[in-house]
Amino acid sequence: MPEGPEIRRAADALAGAVVGKRLQRVFFGLPKLKRYERQLDGSTVESITPHGKALLIRFDAGWTMYSHNQLYGVWMVGKPGERPATSRSLRVELESADAAIRLYSASDISLWPGEEVLQHPFLQRIGPDVLDPALRAQDVLVRLKSAPFQTKRLSALLLDQAFLAGMGNYLRAEVLFVARLDPDLRPADLPAARLRALAKALLAVPQHSYRARGIEPSRRMKAAYTVSGTGAFRFQVFDRAGEPCFECGTLIQRVERDGRRLYVCPHCQGG
DNA sequence: CTTTAAACCTGCTGGC
DNA sequence: TGCCAGCAGGTTTAAA
């Protein structure tokens, strides 16, 4: 369950289902988490919040659950007692009297006493959430101009969770296209106007995707999407190799950067 | 310090 | 039908 917009959509749906509810059943599918079933049974879910692609679920019993879905994790919202038809392995199940949330396949799950969760190595390392409503273009601009980010190639920078958390591979391609930028440039190479355009696109594109309820899943990933990614965000370049650019008609190219596929319009994003 | 490669998590697809 | 390689929107680790 991939990038920031999809994770935030999942968090919204999960929160709507169980925040404020008392848990009547808690199940953990990983041996190391078994002991927390008793700790959390009967507790109330206080909040569910995204931090980049990580999710925090706080319980009034003084515990906080950290989870990261990586590529495969799937959240589902349903009813208590039901057992969805899936071959995936159930990792977490939280049931209240009238709702249930279930996490499948993800293996990066841990429980922390209260706010000690903020000491989690990943949370320590990541930058501001690109979808945080408090994040301003000016903040992003300052970040772009600061070390060590200003000297990194845009292709790498836009995947770096330490720069902006919640960015991912499709957002990288879409942001670079919207800002009309060559992925091999670095912030330090760019004149002020282009930097401002990049800062703006870094906020606008993820927000646009979030408001559109995320991306429409590819066939391959379709089975993974339940709570999130059922939306209407349309790619300009991602997954469009060989198809004409919507702006200039030039054929979109698939290239590789930082070990990941990237799509560019060679005309709009040239030089 | 930067860049690259491989490993790992898991599930689905396509080819033979 | 069955098996296996390949791929995926992520992250970590180690090597170069």
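Letters A, B, ... are given to chains in the order of the sequence lines, protein chains preceding strands, and every chain is numbered from 1. Here the structure is a predicted model, which means the values were calculated and not measured.
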Out of [options], which has the shortest distance to the side chain of [X]?
X        : options                : value
A:Ser89  : C:dT11, B:dG11, C:dA8  : B:dG11
A:Arg186 : C:dG9, B:dT3, B:dC12   : B:dT3
A:Pro148 : C:dT11, C:dA8, B:dT2   : B:dT2
A:Gln161 : C:dT11, B:dT3, C:dA8   : C:dT11
A:His68  : C:dT11, B:dT3, C:dG9   : C:dT11
A:Tyr72  : B:dG11, C:dG9, C:dA8   : C:dA8
A:Ser87  : B:dC12, B:dT10, C:dT12 : B:dC12
A:Thr151 : B:dT2, C:dG9, B:dT3    : B:dT2
A:Arg254 : B:dG11, C:dG9, C:dA8   : C:dA8

(request) Would you sketch DNA chain C in dot-bracket for me? Only Watson-Crick or G-U wobble pairs with both distances under 3.5 Å count, crossing pairs as [ ], other-strand pairs as |, the rest as dots. (result) .|||||||.|||||||

Decide yes or no for [X] and [Y]: does some side-chain heavy atom of the first lie under 4.5 Å from some side-chain heavy atom of the second?
X        : Y        : value
A:Phe28  : A:Leu40  : yes
A:Leu202 : A:Leu158 : yes
A:Ile48  : A:Val18  : yes

Measure the distance from [atom1] on [X] to [atom2] on [N] and round it to the nearest whole Å.
X        : N      : atom1 : atom2 : result
A:Arg240 : C:dG9  : CZ    : P     : 17 Å
A:Tyr210 : C:dG9  : OH    : P     : 23 Å
A:Leu262 : C:dC7  : CG    : C1'   : 17 Å
A:Tyr263 : C:dA8  : OH    : P     : 7 Å
A:His120 : C:dT11 : NE2   : P     : 12 Å
A:Met76  : B:dG11 : CE    : P     : 11 Å
A:Tyr170 : C:dC7  : OH    : C1'   : 20 Å
A:Tyr104 : B:dC12 : OH    : C1'   : 18 Å

(request) Indicate, with a heavy-atom threshold strictly under 4.0 Å, whether A:Arg91 touches base, sugar-phosphate, or nothing. (result) sugar-phosphate

(message) Considering every strand and a 4.0 Å limit on heavy-atom distances, what is the contact class for A:Arg257: base, sugar-phosphate, or nothing?
(response) nothing

(message) As a quick check of understanding, evaluate salt bridge (Lys or Arg N to Asp or Glu O under 4.0 Å) for A:Glu115 and A:Arg58, giving each step before the final call.
(response) CA-CA 9 Å; A:Glu115 293 310 292; A:Arg58 292 185 169 86; 2.8 Å; yes

(message) If the threshold is 4.0 Å, N to carboxylate O, is there a salt bridge linking A:Glu95 and A:Arg102?
(response) yes

(request) Please determine which of A:Arg8, A:Lys53, A:Gln161, A:His51 meets the side-chain hydrogen bond (donor to acceptor under 3.5 Å, both in side chains) test together with A:Asp129. (result) A:Arg8

(request) On the 0 to 90° scale, with breaks at 30° and 60°, tag the A:His120-A:Tyr66 ring pair as parallel, tilted or perpendicular. (result) parallel

(request) From the options A:Lys152, A:Arg172, A:Arg153, A:Arg143, select the one residue that forms a salt bridge (Lys or Arg N to Asp or Glu O under 4.0 Å) with A:Asp160. (result) A:Lys152

(request) Return no unless some side-chain N or O of A:Arg261 is found under 4.0 Å from OP1 or OP2 of C:dG9. (result)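 True: A:Arg261 side-chain N/O within range (under 4.0 Å) of C:dG9 OP1/OP2.
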
(request) Look at A:Lys53 and C:dT11 and indicate whether a side-chain polar atom (N or O) is within less than 4.0 Å of OP1 or OP2. (result)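 The answer is yes; a side-chain N or O of A:Lys53 sits under 4.0 Å from OP1 or OP2.
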
(message) Tell me whether the count of non-hydrogen atoms from other residues, nucleotides or ligands lying under 6.0 Å of CZ in A:Arg234 goes above 12.
(response) yes

(request) May I ask you to check whether A:Ser96 and A:Asp98 show a side-chain donor-acceptor distance below 3.5 Å? (result)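 Yes.
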
(request) Could you work out the separation of C:dG6 and B:dA6 based on their P atoms and round it to a whole Å? (result)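 These two P atoms come out 13 Å apart once rounded.
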
(request) Please say which of A:Leu176, A:Asn169, A:Val237 ends up in a side chain to side chain contact (heavy atoms under 4.5 Å, CB included) with A:Tyr263. (result)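 So the option named by the test is A:Val237.
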
(message) So if I take residues 124-132 of chain A and measure heavy-atom distances to DNA chain C, which residues fall below 4.0 Å?
(response) A:Arg125

